[in-house]
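Below, read A as the first sequence line, B as the second, and so on, with proteins coming before strands; counting in each chain starts at 1. Atom set for the values below is all heavy atoms of this structure, side chains included, hydrogens, waters and symmetry mates excluded.
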Amino acid sequence: MHLGLFIAFAVICVAGAISLVAQRHPINSALSLIVVMGSLAVLYLLLGAEFVAAIQLIVYAGAIMVLFVFVIMLLNAGAEERTRGSRVAMALGVPGLIVVAGVLMYTLAGHTAAGQDQLAIGATYGPPVAIGRSLFREFLLPFEVTSILILIAIMGAVLLARYHAAPAPETRAIDPDEAGDLLQLAGTHGSAAGARERRRAEHRMREREVTR
Amino acid sequence: MPLSQYILIAVVKIAIALFVLLTACAYVVLAERKLIARMQNRWGPTRVGPFGFLQPLADGLKFILKEDLIPSHVYKPLYIAAPMLSLTLALTAIAVIPIGQSVTIGNANIPLQITDVNIALLIILGLTSVGVYGIALAGWASNSKYSLLGSLRASAQMISYELALGLSLIGVLIGAGSFSLREIVNSQAGWHWNLWYRGQFVAFFVYLMAAFAETNRVPFDLPEAETELVAGYHTEYSAMKFAMFFVAEYANMFTVACLATLLFLGGWDGPVFGPAWLMVVLPVLWFVLKVILFIFVYIWIRGTLPRFRYDQLMAFGWKFLLPLALANILITSLVIGLTA
Amino acid sequence: MTVPLSYYLVLSAILFSLGVLAFVVKRNIITVFMSIELMLNAVNLSFVSFAAHWHRLSGQIFVFFVMVVAAAEAAVGLAIIIAVFRTRETLNIDRVNLLKL
Amino acid sequence: MPLAPAVTDLEQLKSRAPLDALLGWGPEAVQGARLDRDELTIDVLREAIRDVCEFLRDQQQFNFLCDVTCADWYPTEPRFHVVYHLLSQAKKLRVRLKVKVGAHDAVVPSLTPIWPGADYFEREVFDLFGVKFDGHPYLRRIQMPDDWEGHPLRKDYPVEGYR
Amino acid sequence: MAQLVTNPETQHHGEGPKDRTMILNMGPQHPSTHGVLRLVLEVDGETVLRMMPDIGYLHTGIEKTYEAKFYQQCVTLADRMDYLAPFHNEMGFVLAVERLLGIEAPPRAQWIRVLLNELQRISSHLVWLGTHALDIGAMSVFLYCFREREDVLRLFEAIGGQRMFTDYFRVGGLALEAPLGWFKRVKKFSDTFFERVDEYEDLLTGNPIFQERTKGVAHISKEDATALGLSGPSLRGSGVDWDLRRDMPYSSYEKFQFGVPVETSGDVWARYLVRMREFRESNKIVQQALAGLPEGPIKADAPKIVLPERDKMKTQMEALIYHFKIVTEGFSVPAGEVYQAIESPRGELGFYVVSDGTAKPYRVHVRGPSLANLQGLPKMCEGRLIADVVAAIGSIDIVLGEIDR
């Protein structure tokens with residue numbers, strides 16, 4: 001049971017990660033990453049780390065990745081283009097990586113520490129209370145330091161977004177010359193007969209292209 | 001308990017919970033239409049069945065039978081996935097919500113909850129925070145300007161108010177000392193409801209506001225403000241896909257109402273008397289009544305208030321609710337620290 | 001049936017390697033940034049599995065800190081990406097090779 | 001209440017303040033005047049209309065432009081009578097200015113620099129009569145579709161439209 | 001906010017002139033454009049940078065139609081322009097023709113006209129209030145307003161035989177005497193109406209969300225409002241104390257006591273307050289008209305123009321001849337031109353009627369207040385949020401039937 005769940009979610013994890021690499025549109029990559037994070041949260045539950053699992057879901061999937069998706073939507077990032085740089089990286093990176101991964105896995109798999117007693121499904125290790133206690137006693141200093149880090153990050157993000165923002169397009173009373181462009185862009189208001197005429201013309205054009 | 005029995009009970013509970021939840025969603029829609037209609041000197045639906053009681057059925061049929069349009073300019077995979085995501089996440093949250101003590105059938109003691117986890121509250125928070133994706137992706141994948149504006153509004157709003165929502169719960173958590181919803185309810189037993197016993201009325205107010213915003217309801221219904229954005233993020237959706245968003249919204253309302261009941265209104269706490277079977281039924285009844293009360297407030301507000309503007313909404317969330325929630329945490333912990 | 005610690009570690013190694021691969025291969029600056037998150041996640045997994053293995057809470061606490069740092073990093077990083085995009089109008093990492101806007 | 005006959009004699013009409021002031025300011029701009037049914041109409045030289053309006057607005061407190069429209073007296077020339085209705089809110093007085101233009105040079109100076117509110121009214125006159133307004137920033141059809149032929153309120157416009 | 005255009009592979013709509021902005025077509029089919037108005041917005045995020053109203057989707061050619069109808073037929077056409085205030089249109093046209101003819105309606109007819117005009121103003125403002133509140137998101141006010149509007153429309157139906165396009169005013173008077181008991185019904189409505197206005201105010205005026213949404217929003221200064229030709233409550237909301245009923249009275253308005261509400265802040269809130277107080281002032285006029293209604297005929301003594309009474313037509317040869325001639329040939333109007341402006345619920349409604357001496361008008365032009373008020377919209381909205389555009393459209397209370405005519 002335990003192993004079955006592990007294998008299932010490990011496979012989902014790896015599939016998500018591969019999809020992250022393989023997808024060309026950033027939003028698909030982001031969604032793949034969310035899948036990875038979700039299944040990691042399940043793996044944490046298997047390991048009995050409830051609190052971390054929940055935090056993983058809330059912070060990683062619910063906050064950080066939302067930020068990513070948001071930015072992708074805002075910047076309207078299109079599918080990425082292949083450049084020469086990416087081809088070089090492919091040629092060097094993939095074989096090199098396989099070697100590194102192989103070595104890593106060999107080392108790790110070799111050191112199969114004799115099984116400590118395994119937790120049952122649903123059993124917990126590291127309840128929130130215990131985590132809180134150690135966080136606010138042993139690790140109080142690092143905790144406070146991270147809070148300062150977060151504060152700095154917030155200020156930095158605000159500053160960056162403010163400081164480097166291009167001057168906002170100014171609002172102005174309608175300049176009728178431009179109003180024309182505006183209407184042109186938005187589509188002008190013609191008669192039904194005119195629209196029919198144009199549609200017919202377009203149709204004829206298309207037919208000519210087809211026959212050619 | 002053998003595994004097979006465990007799974008059987010779980011499946012039965014899930015089926016019952018889903019059935020009840022979906023039916024309740026349908027009837028809350030009817031109740032909303034009826035109540036608002038009466039507030040506005042109208043009748044509301046009356047044609048289908050006696051007093052219009054079969055109206056939800058007719059609506060459901062209509063949703064199923066309608067042509068499922070997929071506009072040609074959408075990004076199809078996400079366009080299809082988004083409503084499913086929304087609905088799934090909204091329905092999953094019900095899994096950790098307890099509705100009463102336990103019943104004993106045969107020799108099995110079955111808690112009235114699909115699964116009792118220690119970190120139930122965190123799971124609900126996690127699910128709602130992931131729920132943003134459904135709306136954000138729906139707007140983006142629709143490739144329509146109104147949808148995009150609606151989904152941007154919705155995502156920003158949900159992220160902002162999640163913070164206030166989370167912080168408003170901390171006072172309760174400090175008091176109960178647990179993330180488990182069952183234990184939180186038990187800590188309020190005997191009329192010691194958090195709403196007054198631990199002085200969490202400020203937290204309850206913050207929670208109420210944030211919950212309205214989280215579920216995109218009046219006066220925070222900007223993402224689908226029909227007079228501005230046509231229908232917001234579901235402008236391009238029709239038939240069953242639209243229905244999924246619709247049900248998801250009402251399921252979220254239920255989750256939020258259940259949570260409010262459990263955290264602030266004492267859960268199933270209430271006068272219990274009578275024979276054994278009544279002892280089991282009454283708590284559930286109290287719980288349901290409280291949830292209905294909360295939902296009635298939702299509907300009432302919808303009949304009364306106008307809608308915020310986007311920047312006012314953000315200001316309200318960040319500049320008013322958030323400091324209020326923080327102050328509440330501070331005071332609650334001070335009180336607990338000093339009295340303990 | 002138990003799952004040996006090494007399984008988790010191998011999974012973590014695979015994820016980390018995929019993260020590195022994505023980091024090297026991908027050309028979209030946001031995706032590159034996401035691959036860093038993937039690597040962090042892989043490391044988190046090994047932390048948690050070690051914590052479970054040795055019954056020490058510090059592993060989980062460390063994951064907590066990693067998440068905090070990741071959140072801070074994401075906030076600042078995305079702000080930088082937005083700033084870069086506004087001036088350069090591109091997200092391709094090959095075109096953002098100068099250390100100035 | 002029988003109708004009083006219309007007065008067209010400029011000397012007799014001097015008692016009317018806006019006309020008097022206008023004659024004092026620039027008699028060459030005024031081509032004629034008419035008091036009919038208690039409404040004062042001043043025929044203004046086309047080239048002077050903008051200055052006249054500016055004068056009336058600044059010196060005579062005619063601060064409000066109610067309306068710009070046109071009437072087509074088709075067979076006669078000058079064919080188009082472009083009509084401006086001004087209102088003085090301080091004096092509670094109205095005055096009508098009229099510019100007559102012929103069919104072949106149907107161009108009138110635009111009043112948009114003086115009253116931005118003239119914008120839509122002038123566009124409408126252009127759309128429905130084909131009278132052009134010189135200096136209008138954005139003279140485009142407003143009621144009819146952009147590809148419409150002809151100007152529907154002209155008297156020689158066939159009722160069924162051009163076929 | 002950065003660029004808001006969606007994924008380019010499937011992009012079907014036009015991009016903005018600068019890629020940071022987006023062109024948004026609001027209407028012609030949009031829930032809050034009150035008819036078939038189209039607004040082309042250039043937005044940056046949710047901020048409106050530029051706005052361009054595009055009208056003409058409801059163009060009916062009424063001004064051209066006038067030239068082919070007898071004067072008495074034209075009253076019916078006038079109804080159809082501003083479909084929320086038909087009585088005001090009738091009033092404007094009828095007064096203009098009466099001045100061309102040099103006749104005047106008898107006092108009773110004038111008072112009933114005033115009474116109906118003020119009832120119409122109430123019903124028109126009710127529609128405004130309901131839709132405005134609905135745009136801002138308050139749903140219930142809409143239905144409360146339509147409840148009262150229904151009462152007013154029933155009164156109209158009783159007196160004119162039609163709920164909206166009554167065609168009740170005639171050149172030289174009114175079509176018929178009011179039915180028995182009608183004035184009592186009006187009194188009953190009018191007595192309860194003050195309470196009803198209080199009810200709306202309870203729901204909106206004190207509501208902090210509503211105030212937030214309207215105060216300081218869509219501001220237009222006194223000077224701009226005058227220069228752009230705004231009129232009616234939109235002008236009075238900017239602090240110009242001008243009401244044609246008081247300042248250039250027509251149809252014996254000079255005999256009524258009423259206040260002209262003026263607000264100086266020039267925002268949506270000011271226009272809201274002005275109209276809310278106009279409810280009460282109009283109702284006061286209604287009560288005065290009921291109390292002091294003069295007795296007498298309702299048609300002017302002008303047999304060549306006004307249709308004779310039914311019984312006279314059946315008993316007197318002369319009356320029959322006049323009836324026949326008016327119906328078949330119309331009545332001819334001495335050549336000349338008049339501009340008659342009245343205060344409609346939306347502002348200065350002007351009828352410019354040119355006669356060439358025949359039985360059909362040579363040219364009729366309508367100065368629709370909505371057209372001029374619409375010109376103020378871009379000025380109000382640029383630089384503000386999309387939600388404010390909706391509030392601003394509601395606050396200038398436009399009727400597209402009148403804009404496009």
Heavy-atom distances under 4.5 Å only: say whether [X] touches chain E with side chain, backbone, both or neither.
{"X": "D127(D)", "result": "neither"}
{"X": "P116(D)", "result": "both"}
{"X": "V68(D)", "result": "backbone"}
{"X": "L93(D)", "result": "backbone"}
{"X": "R96(D)", "result": "side chain"}

Taking all non-hydrogen atoms of both residues, which atom of [X] and which atom of [Y] are closest, and how far apart?
{"X": "Y339(E)", "Y": "C66(D)", "value": "OH-CB, 3.7 Å"}
{"X": "R37(D)", "Y": "L100(E)", "value": "NH2-O, 2.7 Å"}
{"X": "S88(D)", "Y": "W242(E)", "value": "O-CH2, 4.4 Å"}
{"X": "Q89(D)", "Y": "V240(E)", "value": "OE1-CG1, 3.7 Å"}
{"X": "Y362(E)", "Y": "W73(D)", "value": "OH-CA, 3.2 Å"}
{"X": "L153(D)", "Y": "R363(E)", "value": "CD1-NH1, 3.5 Å"}

### Heavy-atom contact with chain D under 4.5 Å, split by part of A300(E)
neither
### Message
Less than 4.5 Å to any heavy atom of chain D: does that hold for the side chain of P369(E), its backbone, both, or neither?
### Response
neither
## Note on the structure
Among residues 341-349 of chain E, those lying within the under-4.5 Å heavy-atom range of chain D are A341(E), E348(E)
#### Entry: side chain to side chain contact (heavy atoms under 4.5 Å, CB included) assessment of T226(E) paired with W115(D)
CA-CA 9 Å; T226(E) 314; W115(D) 282 290; over 6 Å; no
What is the distance from atom [atom1] of [X] to atom [atom2] of [Y], rounded to the nearest 0.5 Å?
{"X": "L244(E)", "Y": "K92(D)", "atom1": "CG", "atom2": "NZ", "answer": "10.5 Å"}
{"X": "I142(D)", "Y": "H59(E)", "atom1": "CD1", "atom2": "NE2", "answer": "11.0 Å"}
{"X": "F64(D)", "Y": "L235(E)", "atom1": "CZ", "atom2": "CG", "answer": "6.0 Å"}

### Message
Heavy-atom pairs under 4.5 Å with chain D - which of L58(E), V338(E), V354(E) has more of them than the others?
### Response
V338(E)
### Task
Using a 4.5 Å cut-off on heavy atoms from C-beta on, say whether the side chain of Y57(E) contacts that of Q143(D).
no
### Task
Check whether any side-chain heavy atom of V83(D) lies under 4.5 Å from a side-chain heavy atom of H365(E), and answer yes or no.
no
### Message
With chain E as the partner, which of E124(D), R34(D), K155(D) has the greatest number of non-hydrogen pairs under 4.5 Å?
### Response
K155(D)
### With sequence neighbours excluded, residues passing salt bridge (charged side-chain N to carboxylate O under 4.0 Å, His left out) with E122(D)
none
### Query
Does anything in residues 39-56 of chain D get under 4.5 Å of chain E by heavy atoms, and if so which residues?
E39(D), T41(D)
### Query
Does E337(E) come within less than 4.0 Å of K98(D), counting only side-chain N to carboxylate O?
yes
### Query
Using 30° and 60° as the class limits, which term best fits the ring planes of H85(D) and Y352(E): parallel, tilted or perpendicular?
perpendicular
### Query
Within a radius of less than 6.0 Å around CG of D301(E), do more than 12 heavy atoms belonging to other residues, nucleotides or ligands occur?
no
### Task
Could you tell me whether K304(E) atom NZ has more than 12 heavy atoms of other residues or ligands within 6.0 Å of it?
no
### Message
Donor-acceptor pair, distance only, cut-off 3.5 Å: does the side chain of K64(E) make one with the backbone of P152(D)?
### Response
yes
#### Entry: With sequence neighbours excluded, residues passing side-chain contact (heavy atoms from CB on, under 4.5 Å) with E254(E)
P249(E), S252(E)
